[in-house]
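Input: a single structure, listed below in structure tokens.
Numbered from 1 within each chain, the chains take letters A, B, ... in sequence-line order.
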Amino acid sequence: MTAKRKPLYTVVIYPDWCKGCGICAAFCPKKVLRIDHQGKARVDREDECINCGFCELHCPDFAIVVRPRNGMGSSFPEPIPGTAATPCAPPGAAASPPSEAAQSPEPKKA
Amino acid sequence: MAEVTQLIHQYLRHNKKFPLVFCPGCGIGIVLGSLVRSVHALGIPKDDMAVVAGIGCSGRIAAYVDFNTVHATHGRALTLSTGIKMASPHLRVLTVMGDGDALSIGGNHLIHAARRNIGVTALVVNNFIYGMTGGQCSPTTPFGSYTHTSPQGQMEKSFDVVEMARAAGANGVYRGTVFHAKALDGLLQRAMSRPGFNLVEVLTPCFTQYGRGNKFRSPVEMFQWLKDHVVPREVYDKLDDKAGKIPMGIFVENDEPGLEQRHAAMRQALADKGGAGS
Ligand SMILES: Cc1ncc(C[n+]2csc(CCOP(=O)(O)OP(=O)(O)O)c2C)c(N)n1
Ligand code: SF4
Ligand code: SF4
Ligand code: SF4
């Protein structure tokens, strides 16, 4: 823990959207997060983050962004005018049960 | 993981007020996230999605997503969905209902939607209580649980949503939880990409109305409860002591064509005969 290495992932909390429910802090396997005295989640030990994604998937208010250090652009939750066809890799596509059936016949919107 | 949150923002209506109206730690936000990730993963264009929601906290989901949406009346979300699917079969219709919405006032519509096998995905957000109206017991409130209308403990038996949907003839029946969010994504994608009526029950904590009255001290404890008590169906089937455990996963998966497909086939057959079908 004391060895100073550059964190591999950045964990960003968007305080305006955080309601301090504590789910992220309670279940983070590496205890990266805690709830501060203002009742908001706070990133304490960013260098311990293993990018498991639990906090990002389970924050009910979309107030957390985890992203690789060398990632492109900011994923800070600014409103993004978007279309359905996004360049993002489909998250959850490789999730447990499906695979064969998960393909949609519709073409992506240009 | 990186772009998950960013991705969700692309599907939200930015003219709505944020943060979400839900209480701190309410699982409905996680359901909303899962819904968005699933639609994205399936590559469904926003304009091809129709989300119909009933009244209740869970019904608020429809207000936030940038799809075609209807905030229906209490209990009638499936009736509107049926009409939408019959009139516009190319739309992917997703119906979001609370447990009260789907099984009390809308119970009759639920069993008949399943019987008809209308091509709609029903997402039943089961928080075991009437959240929005102040914590009355619902048909899924577990036996013995405390609510404002069962202060001595619920005396009635509760519905098992999965068994009910199965008995009514649903083409696909699934159960997930908001704690198992990744698995929930998978179940939702599966349900949305299959023909006919598919129902996904999602167990989700309502700390405000249910948890506080039932000895939970925080939303976190309710998530822990889901973690401890809900197990994959394959594991559940092998358990010697099933008491207190709840299975999740895929329960029914048939390939019967949906009502709208049968209707189209009938029209085609009539047209081929030179009748009034076309
Ligand atoms: C016809 C009609 N009857 C009753 C109500 C009052 N009402 C609003 S929401 C609700 C129940 C909500 O419970 P549930 O469907 O479980 O959703 P939750 O809020 O728990 O997500 C009721 C009875 C209503 N709006 N309309
Ligand atoms: S899960 Fe989200 S809303 Fe809850 S404390 Fe963490 S960042 Fe805040
Ligand atoms: S991604 Fe995983 S390890 Fe990193 S902060 Fe979130 S929950 Fe903790
Ligand atoms: S009352 Fe319950 S279901 Fe409604 S927003 Fe609050 S926690 Fe969620």
Side-chain angles (χ1 to χ4, degrees), chain A residues 9 12 14 16-23 25-27 39 51-68 71 73-99 101-109, chain B residues 1-12 14 18-20 22-34 37-49 90 92 174 178-187 189-190 192-194 207 218-220 223-224 227 232 249-250:
Chain A
Y9 309 102
V12 180
Y14 190 48
D16 286 357
W17 286 26
C18 170
K19 293 179 187 154
C21 67
I23 295 168
F27 293 102
N51 194 25
C52 71
F54 188 98
C55 57
E56 211 178 17
L57 287 172
H58 291 81
C59 172
D61 287 281
F62 314 131
I64 304 185
V65 177
V66 182
R67 101 185 141 82
S74 169
S75 48
F76 199 73
E78 292 285 332
I80 298 152
T83 60
T86 69
C88 306
S96 359
S99 57
Q103 272 319 309
S104 120
E106 275 102 333
K108 284 201 176 179
K109 207 164 120 190
Chain B
M1 278 309 126
E3 284 94 2
V4 172
T5 302
Q6 187 183 26
L7 169 75
I8 287 168
H9 286 262
Q10 298 185 21
Y11 287 86
L12 296 179
H14 296 297
F18 287 92
L20 306 173
F22 311 123
C23 309
C26 175
I28 296 176
I30 304 176
V31 177
L32 172 56
S34 186
R37 290 191 300 272
S38 303
V39 169
H40 182 79
L42 290 171
I44 305 172
K46 283 186 192 178
D47 282 349
D48 287 358
M49 276 299 295
H90 67 281
R92 302 281 187 114
Y174 309 82
V178 291
F179 182 83
H180 308 86
K182 258 267 168 76
L184 178 62
D185 288 7
L187 295 173
Q189 284 173 42
R190 220 173 157 106
M192 286 203 289
S193 56
R194 296 182 54 80
F207 177 67
S218 65
V220 169
F223 280 82
Q224 186 66 44
K227 184 182 180 190
I250 302 165

Revision key, fill the gap. So CG of A:Asp16 and CZ of B:Phe18: to nearest 0.5 Å the spacing works out to 13.0 Å
Review point. If you look at every heavy atom in B:Ile30 and A:Leu57, which pair is closest and at what distance?
Key: CG2-O, 3.8 Å
Exercise for review: List for me each residue that meets side chain to side chain donor-acceptor pair (under 3.5 Å) alongside A:His58, sequence neighbours excluded, and say none if there are none.
Suggested key: none
Review point. Once you round to the nearest 0.5 Å, how far does CZ of B:Phe22 lie from SG of A:Cys21?
Key: 13.5 Å
**Study point:** Among the listed options B:Cys23, B:Pro24, B:Cys26, the residue most often paired with chain A at heavy-atom distances under 4.5 Å
**Key:** B:Pro24
Review point. Is there a side-chain contact between B:Val220 and A:Phe27 (heavy atoms, below 4.5 Å)?
Key: yes
Practice item. Heavy-atom distances under 4.5 Å only: say whether B:Leu12 touches chain A with side chain, backbone, both or neither. Key: side chain
Practice item. Return the minimal non-hydrogen interatomic distance between B:Pro19 and A:Trp17, and the atom names on each side. Key: CB-O, 3.8 Å
Review point. Do A:Val65 and B:Gln6 come within less than 4.5 Å of each other through their side chains, counting heavy atoms only?
Key: no
Review point. Hey, what do you get for CD (A:Glu56) to CD1 (B:Ile8), rounding to the nearest 0.5 Å?
Key: 7.5 Å
Exercise for review: Enter the distance from A:Tyr14:OH to B:His9:NE2 here, rounded to the nearest 0.5 Å.
Suggested key: 7.5 Å
Study note, to complete from the structure: Turns out that what part of B:Phe207 lies under 4.5 Å from chain A's heavy atoms comes down to neither
Review point. Would you find a donor on one side and an acceptor on the other, under 3.5 Å apart, between the side chain of A:Lys19 and the backbone of B:Leu20?
Key: yes
